[in-house]
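The structure under discussion appears below in the form of structure tokens.
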There are 2 protein chains.
Amino acid sequence: MDLKEAKQQFIQSWGVLGSQWGINRTMAQVHALLLVASQPLSTDEIMEQLSISRGNANMNIRELMSWELVQKVIVPGDRKEYFCAEKDIWKVSMRIMYERKKRELDPMVKVLSTINHLEGDKKDPEIKAFTETVENIRKFAGQADKMMDTMIKAEENWFWGSFLKLFK
Amino acid sequence: MDLKEAKQQFIQSWGVLGSQWGINRTMAQVHALLLVASQPLSTDEIMEQLSISRGNANMNIRELMSWELVQKVIVPGDRKEYFCAEKDIWKVSMRIMYERKKRELDPMVKVLSTINHLEGDKKDPEIKAFTETVENIRKFAGQADKMMDTMIKAEENWFWGSFLKLFK
DNA sequence: TTATATTTTCAATAAGTTTTGAAAATTCAG
DNA sequence: CTGAATTTTCAAAACTTATTGAAAATATAA
């Protein structure tokens, strides 16, 4: 396998993984392309390498920037914009975790909190069972939340290493 | 808010969360419905409560069973099948983690391993950079994998509690 | 300022995914 | 067995999401 093939394979797989996890396949592919690019790429280069339209490329690049996974690079004397990706996989993971937590988990936790103030006889086994189930999920989510926060704040990669020693 | 509303709210939110994470919205809703049901439900009850067709209900129930999140319950003297969900949220999370790891992460790790045997001058900075990026991702994934395995094997809920003390 | 390169937007369309519903298969009580 | 109840399957339809491409907006060099 040569470099070009290997890159393509990587981009392809990253795209599949992304789409299985609810991330636009093209967005994941653009991300992958930039992850393995040895220099920043222009919109045109991205369009060409992935065979996608300008609109599509533009949209997904901007989305990746809003996730802070990709940065704009200005080359003096060149009118085009170039883009490059954060390559430290720890930082990448923490960014993704942070965004997903903020955009998706937090709203769910909010709903769970609302839900357990409900009227009716607190002794009613139906109500008791429901409240308990929801409250358990809420607590669990709260703990996961706290754990994520700590991991996200632990900017340094070394943390990951020593943390993982706990798991043999 | 009364119990019925609260349940509906919960089912709705669980469905949204699922779809954002690449899980069929209806599957997540059936799961939610069974999570907060005080007794096992039949296919007809699920169809009615979620306003979905028999085919749809059947398909998603079976999918949930393949994830081992839902179990069939046989009521003697009743020809209908009933279904109930695992309610221990720790177990639920571990099941989901396990399935997703197996179905989605493992194939990616396999691709990553294939990819870093590539021909060409190992000194070439292009090749070196690519190999390094991929290798870092592979290592990271390997560690996450190991961590998940440990968590999954730690059947008991107490583990979560002591584990979380690490995060203040 | 002006002309041109570049980026952004968005309505139309394409592609992908989910749902339906009715027919086929299966199950089981009598 | 038989036949009614139940579950399963799957092609077609409905719905959702992603992509295109050309026009509008913006930026910049001269």
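Reminder, nothing fancy here: chain letters follow the sequence lines and each chain counts from 1.
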B:Thr43 side-chain N/O to D:dT6 phosphate OP1/OP2 under 4.0 Å = no
Are A:Asn58 and C:dT7 close enough that a side-chain N or O sits under 4.0 Å from OP1 or OP2?
-> no
Provide, to the nearest angstrom, the distance between the [atom1] atom belonging to [X] and the [atom2] atom belonging to [N].
X	N	atom1	atom2	value
A:Lys80	C:dT4	NZ	C1'	13 Å
B:Trp21	C:dT17	CH2	C1'	21 Å
A:Glu63	D:dT19	CD	P	12 Å
A:Lys72	C:dT6	NZ	P	14 Å
A:Ile46	C:dT6	CD1	C1'	14 Å
A:Arg25	D:dT16	CZ	C1'	16 Å
B:Asn60	D:dC10	CG	P	17 Å
A:Arg62	C:dC10	CZ	C1'	11 Å

Is the count of non-hydrogen atoms from other residues, nucleotides or ligands lying under 6.0 Å from [X] atom [atom1] greater than 12?
X	atom1	answer
A:Arg100	CZ	yes
A:Lys123	NZ	no
B:Glu99	CD	yes

Rounding to the nearest 10°, end axes of the helix from C:dT1-D:dA30 to C:dG30-D:dC1 built from five pairs each make an angle of 20°
Given a cutoff of under 4.5 Å between side-chain heavy atoms of I, L, V, M, F, W and Y, with clusters grown through shared members, what are the other residues clustered with B:Ile74?
-> none
Give, for atom CD1 of B:Ile137 and atom CD1 of A:Ile89, the distance between the pair rounded to the nearest 0.5 Å.
-> 4.0 Å
Any side-chain hydrogen bond (donor to acceptor under 3.5 Å, both in side chains) pairs touching residues 2-12 of chain A, not counting sequence neighbours?
-> none
Does anything in residues 75-87 of chain B pair up under salt bridge (Lys or Arg N to Asp or Glu O under 4.0 Å), and if so which pairs, sequence neighbours excluded?
-> B:Lys72-B:Glu81
Do the charged groups of B:Arg103 and B:Glu63 touch, with an N to O distance under 4.0 Å?
-> yes
Quick one: list whatever passes side chain to side chain donor-acceptor pair (under 3.5 Å) with A:Asn24, sequence neighbours left out.
-> none
Review item, nucleotides 20-27 of chain C N/O atoms under 3.5 Å of protein N/O:
unit_1, atom_1, unit_2, atom_2, d
C:dT20, OP2, B:Ser53, N, 2.7
C:dT20, OP2, B:Ser53, OG, 3.0
C:dT20, OP2, B:Asn56, ND2, 3.2
C:dT27, O2, B:Arg79, NH2, 3.0

